[in-house]
Amino acid sequence: MDFTDGMQQASLPLGLSFGLAADEKALNNYGKLTEYEKEQLIAQSKSVKSKDEMQQLIQKVSDGESMM
């Protein structure tokens, strides 16, 4: 499964990858994000310090909330 979606050599942090893979709705919504929104999401995920925070971030994606 390629989450880079055209981004050159970009890879998702492991926790974000697993979170998206575990939530089909979040994964579908991730695919609909603009490149800028994807970059913002990746940046946010890199500052996550706990499993709960990552789950909250994945839930935001699942709910279709903007990443800006």
Side-chain angles (χ1 to χ4, degrees):
M1 192 176 301
D2 179 20
F3 292 113
T4 59
D5 196 27
M7 296 168 55
Q8 291 185 348
Q9 300 299 319
S11 61
L12 295 179
L14 195 57
L16 181 59
S17 303
F18 284 144
L20 291 174
D23 185 329
E24 185 176 348
K25 190 173 179 184
L27 182 58
N28 289 334
N29 286 343
Y30 175 81
K32 296 175 187 175
L33 296 176
T34 65
E35 290 302 314
Y36 179 76
E37 289 172 323
K38 289 176 184 177
E39 290 173 12
Q40 294 298 310
L41 176 62
I42 291 168
Q44 287 179 21
S45 72
K46 289 180 178 179
S47 67
V48 166
K49 295 184 179 20
S50 71
K51 183 178 179 179
D52 287 337
E53 285 182 34
M54 184 60 74
Q55 289 174 331
Q56 291 172 4
L57 185 59
I58 297 298
Q59 188 62 50
K60 286 175 64 174
V61 176
S62 186
D63 292 342
E65 293 183 25
S66 175
M67 290 297 108
M68 294 200 254

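Quick caveat, the model's predicted, so the values are computed rather than measured.
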Which pairs of donor and acceptor atoms, one on a side chain in residues 51-59, lie under 3.5 Å apart (sequence neighbours left out)?
residue, atom, partner, partner atom, Å
Glu53, OE1, Lys49, N, 3.2
Gln59, NE2, Asp63, OD1, 2.8
Gln59, NE2, Asp63, OD2, 3.4

In Å, rounded to the nearest 0.5 Å, how long is the span from [atom1] of [X] to [atom2] of [Y]?
{"X": "Glu37", "Y": "Glu35", "atom1": "CD", "atom2": "CD", "answer": "10.0 Å"}
{"X": "Leu12", "Y": "Leu20", "atom1": "CG", "atom2": "CG", "answer": "6.5 Å"}
{"X": "Glu24", "Y": "Asn29", "atom1": "CD", "atom2": "CG", "answer": "10.5 Å"}

Q) Does Asp23 have any side-chain hydrogen bond (donor to acceptor under 3.5 Å, both in side chains) partners at least two apart in sequence or in another chain, and if so, which? A) Ser62
Q) Taking only residues two or more places apart in sequence or in another chain, which ones pass side-chain hydrogen bond (donor to acceptor under 3.5 Å, both in side chains) with Ser45? A) none
Q: Can you see which heavy atom on Leu41 is nearest to which on Tyr30, and at what distance?
A: CD2-CD1, 3.6 Å
